[in-house]
Amino acid sequence: QVQLVESGGGLVQSGGSLRLSCAASGFTLDYYTIAWFRQAPGKEREGVSCLSTSDGNTYYADSVKGRFTISRDNAKNTVYLEMNSLKPEDTAVYYCAAGFLLGCTVRGRPRVEYDHWGQGTQVTVSS
């Protein structure tokens with residue numbers, strides 16, 4: 001079975017840091033573009049970051065650029081999202097996603113279609 005399992009979410013004060021992990025099983029992340037999305041209550045899903053396996057390019061939403069870092073550890077078949085200088089507006093459910101033979105963008109815009117999705121992990125940033 002193909003599965004993405006997230007961990008690392010929780011409650012943190014404004015200005016703090018968290019590292020989210022997304023462990024893949026049933027497939028090898030080496031061949032997949034990986035991405036992080038988030039969705040806050042009453043708001044639509046938004047792309048946070050992406051790491052392309054096809055060309056190595058990275059993508060960060062303007063709202064997190066300079067604060068978040070996406071990375072992967074192929075030996076552990078795991079993708080990470082390091083989140084620093086967290087703000088209350090970062091509060092959301094965070095999802096990881098993987099897409100085979102995909103880039104981070106489609107016709108110049110962030111890709112939203114992925115083959116596999118994690119279950120989501122809650123990140124809450126207090127004021």
Side-chain angles (χ1 to χ4, degrees):
Q1 69 279 11
V2 173
Q3 192 174 23
L4 293 172
V5 179
E6 295 158 297
S7 61
L11 175 64
V12 64
Q13 289 188 341
S14 180
S17 300
L18 285 174
R19 189 178 76 163
L20 305 183
S21 300
C22 179
S25 61
F27 69 103
T28 301
L29 278 178
D30 303 41
Y31 307 107
Y32 284 77
T33 287
I34 51 178
W36 288 92
F37 292 81
R38 67 185 182 186
Q39 187 167 24
K43 299 181 67 69
E44 64 183 3
R45 181 187 63 186
E46 66 171 333
V48 176
S49 185
C50 179
L51 176 58
S52 174
T53 189
S54 62
D55 55 18
N57 288 342
T58 58
Y59 163 82
Y60 295 97
D62 289 340
S63 59
V64 307
K65 191 173 298 182
R67 300 188 297 119
F68 291 10
T69 303
I70 189 172
S71 63
R72 67 197 304 163
D73 187 335
N74 289 337
K76 297 181 178 180
N77 213 28
T78 300
V79 60
Y80 304 97
L81 184 68
E82 180 71 32
M83 306 186 296
N84 299 311
S85 301
L86 284 163
K87 307 173 182 179
E89 51 263 44
D90 294 319
T91 296
V93 177
Y94 284 71
Y95 301 89
C96 64
F100 179 72
L101 204 63
L102 300 174
C104 287
T105 62
V106 179
R107 304 174 76 172
R109 295 186 176 276
R111 178 179 296 281
V112 297
E113 298 177 351
Y114 287 87
D115 298 313
H116 310 297
W117 291 83
Q119 81 287 353
T121 185
Q122 177 70 49
V123 172
T124 302
V125 185
S126 62
S127 300

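- Taking Arg45 as the reference, nothing meets the side-chain hydrogen bond (donor to acceptor under 3.5 Å, both in side chains) condition, with sequence neighbours excluded.
- Residues Gly56 and Leu51 come closest through the heavy atom pair O-CD1, 3.9 Å.
- With sequence neighbours left out, Ser52 forms a side-chain hydrogen bond (donor to acceptor under 3.5 Å, both in side chains) with Ser54, Asp55.
- Under the disulfide bond (SG atoms under 2.5 Å apart) criterion, the residue pairs touching residues 97-127 are Cys50-Cys104, with sequence neighbours excluded.
- With rounding to the nearest 0.5 Å, the separation of CD in Glu46 from CH2 in Trp36 is 14.5 Å.
- Smallest separation of non-hydrogen atoms from Gln39 and Lys43: NE2-O, 3.2 Å.
- Screening residues 21-35 for salt bridge (charged side-chain N to carboxylate O under 4.0 Å, His left out), with sequence neighbours left out, gives no hits.
- The side-chain hydrogen bond (donor to acceptor under 3.5 Å, both in side chains) check on Arg72 picks up Asn74, with sequence neighbours excluded.
- Enclosure of atom CD in Gln13 is not indicated, since only 12 or fewer non-hydrogen atoms of other residues, nucleotides or ligands lie within 6.0 angstrom.
- Residue Val12 is grouped with residue Leu81 when hydrophobic side chains (ILVMFWY) are merged at heavy-atom distances under 4.5 angstrom, including chains of intermediate members.
- Between Ser25 and Val2 there is no side-chain heavy-atom pair separated by less than 4.5 Å.
- Annotation: salt bridge (charged side-chain N to carboxylate O under 4.0 Å, His left out) contacts of Lys65 (sequence neighbours excluded): Asp62.
- For the side chain to side chain donor-acceptor pair (under 3.5 Å) condition, the pairs that include at least one residue of residues 113-127, sequence neighbours left out, are Gln122-Thr124.
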Apply side-chain contact (heavy atoms from CB on, under 4.5 Å) to the pair Thr69 and Met83, showing each step before the final yes or no. CA-CA 7 Å; Thr69 303; Met83 306 186 296; over 6 Å; no
Run the side-chain donor-acceptor check on residues 14-24: report pairs under 3.5 Å with partners two or more places apart or on a different chain.
| residue | atom | partner | partner atom | Å |
| --- | --- | --- | --- | --- |
| Ser14 | OG | Leu86 | O | 3.4 |
| Ser17 | OG | Asn84 | OD1 | 2.9 |

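- Considering only heavy atoms from C-beta on, Ile70 comes within 4.5 Å of Val79 through its side chain.
- Residues passing the ring pair (Phe, Tyr, Trp, His ring centres under 6.0 Å) test with Phe100, sequence neighbours excluded: Tyr32.
- Applying the ring-ring contact (aromatic ring centres under 6.0 Å, His included) definition to pairs two or more places apart or across chains, none involves residues 51-85.
- Among pairs with a residue in residues 94-110, those fulfilling side chain to side chain donor-acceptor pair (under 3.5 Å) read Arg38-Tyr94, at least two apart in sequence or across chains.
- Checked against side-chain hydrogen bond (donor to acceptor under 3.5 Å, both in side chains), Asn77 has no partners two or more places apart in sequence or in another chain.
- Note on Phe27: it clusters hydrophobically with Tyr31, by side-chain heavy-atom contacts below 4.5 Å among ILVMFWY residues.
- Side chain of Thr78 to main chain of Lys76: a donor-acceptor pair is present (N/O by atom type, distance under 3.5 Å, no hydrogens or angles).
- Counting only distance, with no hydrogens or angles, the side chain of Glu6 and the backbone of Cys96 share a donor-acceptor pair below 3.5 Å.
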